Engineer: 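Once you've had a glance at the structure underneath, I'll fire off some questions.
When reading the values below, keep in mind they use all heavy atoms of this one structure, side chains included, and skip hydrogens, waters and symmetry mates. This is a predicted model, so every value here is computed, not measured. Note on naming: letters A, B, ... go to the chains in the order of the sequence lines (proteins, then strands), and numbering restarts at 1 for each one.
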There are 2 protein chains.
Amino acid sequence: MKYIEKLRNSGLRPTKQRLQICEVLFDTQKTFHFTINELDQKIKNKTNNKISLATIYNTVHAFEKKGYLKQIPINSNQTYFDTNITDHHHFYDLKYGKLIDLENSDVGPINIKRKIDGKKIKSIEVLVKLED
Amino acid sequence: MKYIEKLRNSGLRPTKQRLQICEVLFDTQKTFHFTINELDQKIKNKTNNKISLATIYNTVHAFEKKGYLKQIPINSNQTYFDTNITDHHHFYDLKYGKLIDLENSDVGPINIKRKIDGKKIKSIEVLVKLED
DNA sequence: CACCAATTTAGAACCATTATAAAGTAGAGT
DNA sequence: ACTCTACTTTATAATGGTTCTAAATTGGTG
Ligand SMILES: [Mn+2]
Ligand SMILES: [Mn+2]
Ligand SMILES: [Zn+2]
Ligand SMILES: [Zn+2]
């Protein structure tokens, strides 16, 4: 399988569970946003195998640490993750609690004029809240 | 007191507890960022009166709804609030978990080129993550 | 096969936040 | 001032997403 090498290269053993999660997360053309519970549902639907919730948390965090997923900074009762790991931004539909990708080209360059001593900029993320 | 009218104008009864919370939040020159627990501590330090945690939650949410406080979109185990209700942005120091204000003038104009049908932009918030 | 570290797992624990429901209070009307 | 009622406070319980635990399982190396 194509994910075995990817996992090995990251120092992660290619277990059955991790490979299944990879298929759900990365076998699609379009990237998407998800919560842990939504991912759990997707896995249940796609396969007959049930993966322990603890394993899903562990795997998502491992993938995030390796840079295969991004966490989206937003206030919600659940953490949102993104399979789109390119630099990009988000619309947040307050009514439906849905995220929509906003490409860098749709925002234009952001030039942070202020500097903080001894610190480097790791990321710049724009959240555009939408109402009716 | 100066907060009585402010509360009345918002349709909020000026109770002893709300006035005390107003003093902690708004009696200072500088604005600041806080979590509910930090606010609870501040109240305990400033006054001898103890305010129920439920009341602190209720009041903070009431003030947020009235526009006297803003919630900061960030992933943390606690929700961050801001007494600075002007349009502005934030640095987030990943190492220390601290927020630093970033004025609009330090970011420059942000022009969102994409539109979502039937939706209006309510706010645009930039989060700049800092590492060492 | 033998071994060991990495991984999975069910369930418990954690803890910020929200819900509950009873007691207290502010303010309008009389 | 007294009443009345809707609003507010409060202690406490419940909720629910996330993390922890410790035992069982598994992957990979030799
Ligand atoms: Mn994480
Ligand atoms: Mn709120
Ligand atoms: Zn995205
Ligand atoms: Zn701020």
Engineer: Does C/dT17 have OP1 or OP2 under 4.0 Å away from a side-chain N or O of B/H61?
Structural biologist: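 B/H61 to C/dT17 OP1/OP2: no side-chain N or O under 4.0 Å.
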Engineer: Taking atom C1' of C/dC15 as reference, at what distance in whole Å does atom CD1 of B/I36 sit?
Structural biologist: 14 Å
Engineer: Would you compute the distance between atom CG of A/L25 and atom CG of A/L69 and round it to the nearest 0.5 angstrom?
Structural biologist: 5.5 Å
Engineer: Just how far, in rounded Å, is C1' of C/dT7 from CG of A/L7?
Structural biologist: 13 Å
Engineer: Expressed in angstrom and rounded to an integer, what is the separation of A/I56 atom CD1 from C/dT7 atom P?
Structural biologist: 17 Å
Engineer: So, B/K119 side chain and A/L130 main chain: donor-acceptor pair closer than 3.5 Å or not?
Structural biologist: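 Checking the backbone N and O of A/L130 against the side chain of B/K119, no donor-acceptor pair under 3.5 Å is found.
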Engineer: Between C1' on D/dT18 and CD on A/E38, what's the gap in Å once rounded to a whole number?
Structural biologist: 16 Å
Engineer: How is A/T79 classified with respect to the nucleic acid when contacts are heavy atoms under 4.0 Å: base, sugar-phosphate, or nothing?
Structural biologist: sugar-phosphate
Engineer: How many Å lie between CD on A/Q20 and C1' on C/dT7, as a whole number?
Structural biologist: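 The answer, rounded to whole Å, is 14 Å.
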Engineer: How would you summarise protein contacts on nucleotides 4-13 of chain D per nucleotide, using B for base, S for sugar-phosphate only and - for none, with heavy-atom distances below 4.0 Å?
Structural biologist: --BBSBBB--
Engineer: Looking at C/dT17, I'd like to know if its phosphate oxygens (OP1 or OP2) sit under 4.0 Å from a side-chain N or O belonging to B/Y57.
Structural biologist: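 So the side-chain polar atoms of B/Y57 do come within 4.0 Å of the phosphate oxygens OP1 or OP2 of C/dT17, strictly under.
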Engineer: Kindly point out which of C/dA16, D/dG27, D/dT18 is positioned nearest to the side chain of A/P14?
Structural biologist: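 Selected nucleotide: D/dG27.
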Engineer: Please give, in whole Å, the distance from C/dT9 P to A/N49 CG?
Structural biologist: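 Answer to the nearest Å: 8 Å.
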Engineer: Only pairs under 3.5 Å count here: list side-chain donor-acceptor contacts from residues 105-114 of chain B, not counting sequence neighbours, and write none if there are none.
Structural biologist:
from: B/R114; atom 1: NH1; to: A/D101; atom 2: O; distance (Å): 2.5

Engineer: Show your reasoning for whether side chain to side chain contact (heavy atoms under 4.5 Å, CB included) applies to A/F81 and A/H61.
Structural biologist: CA-CA 10 Å; A/F81 293 92; A/H61 285 136; 4.3 Å; yes
Engineer: Quick check: on DNA chain C, is the nucleotide nearest B/Q78 upstream (toward 5') of the one nearest B/I4, or the reverse? Name the residue that is more 5'.
Structural biologist: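 Residue closer to the 5' terminus by nearest nucleotide: B/Q78.
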Engineer: Starting at CG of A/N77, measure out to OG1 of A/T35 and round the result to the nearest 0.5 Å.
Structural biologist: 9.0 Å
Engineer: How long is the line joining CG of A/N75 and C1' of C/dA16, in whole Å?
Structural biologist: 13 Å
Engineer: What class does the angle between the rings of B/Y68 and B/F26 fall in, given that below 30° is parallel, 30 to 60° is tilted and above 60° is perpendicular?
Structural biologist: perpendicular
Engineer: Starting from P on C/dA16, measure out to CD on B/Q71 and report it in whole angstrom.
Structural biologist: 16 Å
Engineer: Test your reading of the model: is there a side-chain donor-acceptor pair from B/K70 to the backbone of B/T86, 3.5 Å cut-off?
Structural biologist: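 Confirmed, B/K70 side chain pairs with B/T86 backbone.
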